[in-house]
Q: 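I have a structure here, written as structure tokens, and I will follow up with some questions on it.
Just so it is clear, the values below take in all heavy atoms, side chains as well, and ignore hydrogens, waters and symmetry mates.
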Amino acid sequence: MRLHGVELVQAEDAEAVASIVADALVEAARGGRAIALTGGRSPGRAYELAAEREPDWGAASVWWGDERCVPPEDERSNYRLAAESLLDRLAVQPREVQRIRGELGAEAAAEDYDAKLVGVELGLVLLGLGPDGHVASLFPKQPTLEEREGRAIPAEAKLEPFVDRVTMTVPVLCSAPEVVFVVTGVEKAEAVEHAFAQPPNTNTPGSLIRSNGGRTRVVADTAAASRLRP
């Protein structure tokens, strides 16, 4: 099956996926890059392994591709996931940790993050993929997919948790020289096929995200990649 603009890195299971993604995070941290993290179910173990393999992130800066509009200590917060599984385990913190201040509300938090992103050159963007094909908080067939001026914008949730969101836009996510998707589980198999083995379509936001001039990798376990087999 022909892939569209991505390299597939297939691993046996979720632990192997996490190990590969952790290595990408470690390389970016050691290189002093600006790293955009993701939330969701898949990346937590990769964050833990990255902290074990490189406890000094002092050269790097850390950003978030999206956030739920909740306080940072809320269990639904993408920041909290990264804090508990990555940041709190480091010996040396990143030189810059720029979380999305979701507690401000979607409009204010997006305006605040948009301003912080001015002049920032992301080096690595890490993304999950929802079963509906969404990435960050860019959901299918939504006007947010057409935004080309803003860097961070408000977004309405179309899956649980149904709280307002703030998300980086398509151009910002595509701006990094390295984009890595982390996808696990058979429930993601159809979305993986639509996002990476079919032409770009707003029905599947993941199909719209490819690194401009760099490389885009999909790190998936056997179950998630099952519909990509010839």
Side-chain angles (χ1 to χ4, degrees), residues 6-11 13-67 72-73 77-102 113 116-129 135-137 151-152 166-169 171-184 209-221:
V6 300
E7 303 170 24
L8 175 63
V9 181
Q10 187 169 323
D13 54 25
E15 183 70 13
V17 167
S19 181
I20 294 166
V21 173
D23 284 343
L25 288 166
V26 166
E27 181 181 358
R30 289 173 176 167
R33 300 181 200 167
I35 303 168
L37 300 178
T38 187
R41 177 176 58 83
S42 298
R45 179 58 177 157
Y47 295 160
E48 293 175 356
L49 292 173
E52 290 176 10
R53 294 173 186 179
E54 179 50 79
D56 182 352
W57 280 47
S61 65
V62 173
W63 301 76
W64 275 261
D66 75 312
E67 183 57 279
E73 66 275 10
S77 166
N78 289 341
Y79 168 79
R80 175 175 167 174
L81 169 69
E84 292 180 347
S85 54
L86 174 63
L87 299 176
D88 291 350
R89 300 167 184 257
L90 297 175
V92 179
Q93 289 294 302
R95 58 179 171 81
E96 194 176 7
V97 176
Q98 291 286 6
R99 72 175 182 87
I100 299 171
R101 296 196 293 164
Y113 216 56
K116 288 177 178 176
L117 282 165
V118 173
V120 174
E121 295 184 3
L122 296 174
L124 169 65
V125 168
L126 183 64
L127 292 169
L129 183 73
V135 288
S137 284
R151 291 164 289 271
V166 173
T167 185
M168 289 183 178
T169 56
V172 174
L173 295 173
C174 293
S175 69
E178 185 171 16
V179 174
V180 175
F181 286 89
V182 51
V183 197
T184 58
I209 308 300
R210 302 292 188 269
S211 171
N212 294 330
R215 69 173 179 167
T216 303
R217 287 187 291 164
V218 179
V219 186
D221 65 4

Q: With the side chain counted from C-beta on, respond yes when Ile100 and Tyr79 share a heavy-atom pair under 4.5 Å apart, and no when they do not.
A: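 They are not in contact (no side-chain heavy atoms under 4.5 Å apart), so the answer is no.
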Q: Between Trp57 and Leu87, is any pair of side-chain heavy atoms under 4.5 Å apart?
A: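 They are not in side-chain contact.
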Q: Using the benzene-type ring in the case of Trp, are the ring centres of Tyr113 and Trp63 under 6.0 Å apart?
A: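 Yes: the rings meet the under 6.0 Å criterion.
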Q: About how many Å separate CG of Leu25 and CD1 of Ile20, when rounded to the nearest 0.5 Å?
A: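 With rounding to 0.5 Å, CD1 (Ile20) is 12.5 Å from CG (Leu25).
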Q: Among Thr167, Val97, Val166, which one satisfies side chain to side chain contact (heavy atoms under 4.5 Å, CB included) with Trp64?
A: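 When side chain to side chain contact (heavy atoms under 4.5 Å, CB included) is applied between Trp64 and each of Thr167, Val97, Val166, only Val97 qualifies.
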Q: Any donor-acceptor pair under 3.5 Å linking the side chain of Ser19 with the backbone of Ala16?
A: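 Not confirmed, Ser19 side chain does not pair with Ala16 backbone.
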Q: Using atom types as modelled and distance alone, determine if a side-chain donor or acceptor of Arg217 lies under 3.5 Å from a backbone N or O of Val179.
A: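 No; zero donor-acceptor contacts below 3.5 Å.
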Q: For Val26, which residues count as a side chain to side chain contact (heavy atoms under 4.5 Å, CB included) partner, sequence neighbours excluded?
A: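 Side chain to side chain contact (heavy atoms under 4.5 Å, CB included) list for Val26, sorted by chain: Arg30, Ala50, Arg53, Glu54.
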Q: For Glu73, is there an ion pair with Arg80 - N to carboxylate O distance below 4.0 angstrom?
A: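 No, this pair does not count.
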Q: Dump the intermediate steps for side-chain contact (heavy atoms from CB on, under 4.5 Å) on Arg33 and Glu27, then the final yes or no.
A: CA-CA 9 Å; Arg33 300 181 200 167; Glu27 181 181 358; 3.8 Å; yes
Q: Under 4.5 Å between any side-chain heavy atoms of Leu122 and Met168, yes or no?
A: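 Contact flag for Leu122/Met168 side chains = yes.
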Q: Hey, what do you get for CZ (Arg101) to CD (Gln98), rounding to the nearest 0.5 Å?
A: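 So the CZ of Arg101 and the CD of Gln98 are separated by 9.5 Å.
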Q: For residues Arg99 and Glu67, determine if any side-chain heavy atom of one lies less than 4.5 Å from a side-chain heavy atom of the other.
A: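 A side-chain contact is absent here, since even the closest heavy-atom pair is not under 4.5 Å.
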Q: Does a side-chain N-to-carboxylate-O contact under 4.0 Å join Glu15 and Arg45?
A: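 Between Arg45 and Glu15 there is a salt bridge, with a charged N closer than 4.0 Å to a carboxylate O.
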Q: Indicate yes or no for a side-chain donor-acceptor contact from Asp221 to the backbone of Val17 under 3.5 Å, with no hydrogens or angles considered.
A: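 No; judged by distance alone, with no hydrogens or angles, the pair does not exist.
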Q: Are any of the side-chain heavy atoms of Thr38 and Asn78 separated by less than 4.5 Å?
A: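 In short, these two side chains do not touch, never coming nearer than 4.5 Å.
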Q: Given 3.5 Å as the limit, does a donor-acceptor pair link the side chain of Ser211 with the main chain of Ala176, or not?
A: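 The answer is yes, because a donor-acceptor pair under 3.5 Å joins these two groups.
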Q: Taking all heavy atoms of Ala136 and all of Leu127, pick out the closest pair and write down the distance.
A: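 So the two residues come closest at N-CD2, 4.2 Å.
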Q: Check Thr169 against Ala152 and note the closest heavy-atom contact, atom names and distance.
A: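 That would be CG2-N, 4.4 Å.
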